[in-house]
Amino acid sequence: MSQFKASRRHFLTTVSLASASIALLSLPALADMLPPSRTSGVPVPPGQIDEAVAALDGIVEDIKARSGVPGIAVAVVHGGETVYAKGFGTRDAEGDLPVTPDTVFQLASLSKSVGATAVARQVSRGVVSWDSRMQDLLPWFSLSDPAVSERLTIGDLYSHRSGLPDHAGDELEDLGFDRRTILERLRLQPLSPFRTSYAYTNFGLTAAAEAVADASGMAWSELTEEALFQPLGMTETSARFDDFMARENRATPHAKTADGFQALYQREPDAQSPAGGVSSSANDMTKWMTMVLAGGGNLIRPEALQPAISPQSFSSRPHSPDERAGFYGYGFGVGTDPSGRVILSHSGAFILGAATYFALIPSLDVGIVVLSNAAPVGAVEAIGASFTDMVQTGGVTRDWFAGYEALFAGLYTPLGETAGEPFPQASAAPPPASYLIGRYSHPYFGTVEVAEDETGDLVLLVGPKPEVFRLMPWDGAMMVFDIDTENAPEGSRSAATFSGGPDKAETLEIELFVMDGPALFKRR
């Protein structure tokens, strides 16, 4: 599209110089003057956005009832103003305290978009650029290919095109490792082709944010506060978990169970704060959405923000001729709706109990944010899609919740070949405990220990805290253990297979600790 750039600049200059004449044109005539690339196939008549806002109460109540989500907050901005802000349901475990527009929720991966605007602020200030090399900013961080490490930029990591595997590092966070340890161990991960592959990676993006914070001379939580939250007046927003827990009006996470949503866990995401650790309210998020829709407003130069909200990588490639592609900018999802309008959006999810979503339509200067205190089931996306559907078409064209619910169902499928299977009746006896007990090491997952607990049962100790998993005999030298973390849903079960000489096991292969296949630990 480079051949259009010069003509577009000429066109915009002409429009600017002839503003008095344009003011006399009718709206259809003005629309006809837009470049083809900014033309929507579906016009939005006056009053249609107001009608969509008026329908929100019913949309939210319907999807809330169908999904069973306990608490939801929704806000809409349009024309530089907040035109809707409301809470639905309850925010606490007992179901007594109401959600309000000021209730603070964990944003999960909406943190990526919010954090990307903090980076854009530093780009505006000349502290970094989106093309700044990681080796110049964070020399201790590297990937497995030196040639990639040499060229790797902030933008590569913010657009998930570094070649790191999907969600690389998340399993280490589950096991209790800190941010620095996780980032250092990413150098052990195998890489897909650089800048031509896409894989969503929380800790890759976190490394880029860490580099920006380091260049700014402050911690990431301090940088977001100074560069973004304070200037925008987002007084209930923070990138620190302790701040979230200190809020009186905060949402308690609810996990999905067979008996509905229940308050069972509290997700602590500080290790990946730039990717998932921001907390905020619907009212605070309206200030942020208004700034983004204004092209950065008075805070961020448009040329610093525009790369973040422009396609930088394919996030989903079409599988049929009639399927639209998905794109990712720097921390933002960038897509095209059936109407032909560009949509900026992002979902956030903690399986332990949070689901969030925002969508911005720059051509209409309208945006919606939906925050909830329940594990992801597609409810927040369905609310957002129903609203943007009404904004652009005047009605809800399909059952969005049914569509999204089916997509999210796979998140709850237990992992492991033995998950849900009965223990075999005709199986070989396990080796004696003395054969298995000991310490085993792996370069990525670190050292694990097999030991006897106070009851005489064998347990697997993993991670720095450590996490304790009870080993159960399955068939001979193959043991199993139940694993219930955010990246291994409830009901998941991992095999732990020992092998070695006649007196003691020399290796331990753990099925659900994966790195190019099951992770192989060697006795220390």
Indicate yes or no: at least one non-hydrogen side-chain atom of Ser492 is less than 4.5 angstrom from one of Leu512.
yes
Show the numbers, then the answer: is there a side-chain hydrogen bond (donor to acceptor under 3.5 Å, both in side chains) between Thr447 and Arg439?
CA-CA 7 Å; Thr447 299; Arg439 292 164 65 84; 4.6 Å; no
Gln266 atom CD, over 12 foreign heavy atoms within 6.0 Å: yes
| said: Can you classify the ring geometry of Phe358 versus Phe332 as parallel (below 30°), tilted (30 to 60°) or perpendicular (above 60°)? | reply: perpendicular
Using atom types as modelled and distance alone, determine if a side-chain donor or acceptor of Ser159 lies under 3.5 Å from a backbone N or O of Gly155.
-> yes
Output for pair (Ile300 CD1, Thr117 OG1), nearest 0.5 Å, gives 5.0 Å
Distance col, row Lys287:NZ vs Asn283:CG, nearest 0.5 angstrom, shows 7.5 Å
Counting N and O atoms only, with roles assigned by atom type, does the side chain of Ser149 sit under 3.5 Å from a partner on the main chain of Ser142, one being a donor and the other an acceptor? no
Closer than 3.5 angstrom, by distance alone: can the side chain of Ser238 be matched with the main-chain N or O of Arg240 as a donor-acceptor pair?
yes
With the side chain counted from C-beta on, respond yes when Asn373 and Pro70 share a heavy-atom pair under 4.5 Å apart, and no when they do not. yes
Is any NZ, NE, NH1 or NH2 atom of the basic residue among Arg133 and Glu150 found under 4.0 Å from an Asp or Glu carboxylate oxygen of the other? yes
In Asn202, Thr201, Thr485, the residue satisfying side chain to side chain donor-acceptor pair (under 3.5 Å) with Asp170 is Asn202
Please confirm whether the backbone N or O of Val123 pairs with a side-chain atom of Arg301, one donor and one acceptor, at under 3.5 Å?
yes
### Message
Could you walk me through whether Val278 and Thr224 satisfy the side chain to side chain contact (heavy atoms under 4.5 Å, CB included) test, starting with their C-alpha distance in whole Å, then the side-chain angles of each, then the deciding distance to 0.1 Å, before giving a yes or no?
### Response
CA-CA 9 Å; Val278 175; Thr224 52; 5.8 Å; no
**OP:** Find out whether Arg250 and Thr103 are in side-chain contact, i.e. whether some heavy atom of one side chain is under 4.5 Å from a heavy atom of the other.
**Re:** no
In Ser372, Ser67, Ser347, the residue satisfying side chain to side chain contact (heavy atoms under 4.5 Å, CB included) with Val380 is Ser372
When Thr356, Val370, Thr82, Val114 are each screened for side chain to side chain contact (heavy atoms under 4.5 Å, CB included) with Met285, the one that passes is Val114
(message) I'd like to know if the side chain of Asp270 and the backbone of Ser273 have a donor-acceptor N/O pair within less than 3.5 Å.
(response) no
Handout entry: Glu467 side chain to Gly463 backbone, donor-acceptor under 3.5 Å
Key = no
For Leu371 and Leu107, run side chain to side chain contact (heavy atoms under 4.5 Å, CB included): C-alpha distance rounded to whole Å, both residues' side-chain angles, the deciding distance at 0.1 Å, then the answer. CA-CA 7 Å; Leu371 310 176; Leu107 296 187; 3.7 Å; yes
#### Entry: Note, Phe469 side chain near Val459 side chain (heavy atom, < 4.5 Å)
no
- Examine Tyr328 together with His160 and report whether their ring centres are nearer than 6.0 Å. yes
Start with the C-alpha gap between Arg179 and Thr206, add the side-chain angles, then the distance that decides, and say whether side chain to side chain contact (heavy atoms under 4.5 Å, CB included) holds. CA-CA 9 Å; Arg179 182 187 301 178; Thr206 295; 3.8 Å; yes
Output for pair (Phe445 CZ, Leu188 CG), nearest 0.5 Å, gives 10.5 Å
Open item on the list: Using a 3.5 Å distance criterion without hydrogens, assess whether the side chain of Asp284 forms a donor-acceptor pair with backbone atoms of Thr237.
Closed with: yes
| query | Would you call Lys465 and Leu175 a side-chain contact if the rule is heavy atoms closer than 4.5 Å? | reply | no
Tightest non-hydrogen contact, residues Leu344 and Pro362, listed as CD1-CG, 4.0 Å
Salt bridge (charged side-chain N to carboxylate O under 4.0 Å, His left out) filter on Arg151, not counting sequence neighbours, yields none
- Message: Less than 4.5 Å apart, side chain to side chain, heavy atoms only: is that true for Phe327 and Thr336?
- Response: no
Exercise. Where do Val77 and Val366 land on the side chain to side chain contact (heavy atoms under 4.5 Å, CB included) test, with the steps shown first?
Worked result: CA-CA 6 Å; Val77 296; Val366 66; over 6 Å; no
**Study point:** Lys/Arg-Asp/Glu bridge criterion (N-O < 4.0 Å) met for Lys522, Glu506
**Key:** no
Residues Ser162 and Phe194: closest non-hydrogen pair is O-CD1, 3.5 Å
Value for OG (Ser113) from CD1 (Ile309), rounded to nearest 0.5 Å, stands at 11.0 Å
Between the CG atom in Leu223 and the CZ atom in Phe229, the distance rounded to the nearest 0.5 Å is 9.0 Å
Check your understanding: Are any non-hydrogen side-chain atoms of Ser494 and Ile510 less than 4.5 angstrom apart?
Key -> yes
Before giving the answer on side-chain hydrogen bond (donor to acceptor under 3.5 Å, both in side chains), spell out for Ser320 and Asp322 the whole-Å C-alpha distance, their side-chain angles and the decisive distance to 0.1 Å. CA-CA 6 Å; Ser320 66; Asp322 63 344; 2.6 Å; yes
Does Arg161 make a cation-pi contact with Tyr198, if we ask for NZ or CZ under 6.0 Å from the ring centre and within 45° of the axis?
no
d(Phe244 CZ, Ser280 OG) to nearest 0.5 Å is 11.0 Å
All heavy atoms of Ala199 vs all of Pro165, minimum pair found to be CB-C, 3.9 Å
Next on the checklist: Angle between ring planes, Tyr444 versus His442, binned at 30° and 60°: parallel, tilted or perpendicular?
Outcome noted: perpendicular
- Message: Donor-acceptor check, side chain of Lys112 to backbone of Ala275, threshold 3.5 angstrom: yes or no?
- Response: yes
| query | Can you tell if the side chain of Phe105 reaches within under 4.5 Å of the side chain of Val99, non-hydrogen atoms only? | reply | yes
- Task: Mind running salt bridge (charged side-chain N to carboxylate O under 4.0 Å, His left out) on Glu226 and Arg125 for me, showing each step along the way?
- Result: CA-CA 13 Å; Glu226 185 275 335; Arg125 291 166 156 177; 2.8 Å; yes
Would Arg180 pass as a cation-pi partner of Trp140, given that its NZ or CZ must be under 6.0 Å from the six-membered ring centre and within 45 degrees of the axis? yes
Self-check item: Backbone N/O of Thr153 and side chain of Asp156: donor-acceptor pair under 3.5 Å
Solution: yes
Between Gln122 and Ser216, do the side chains contain an N or O donor and an N or O acceptor separated by less than 3.5 Å?
yes
#### Entry: His254 side chain to Phe261 backbone, donor-acceptor under 3.5 Å
no
- Task: Mind telling me whether His346 and Tyr200 have parallel, tilted or perpendicular rings, with 30° and 60° as the class edges?
- Result: tilted
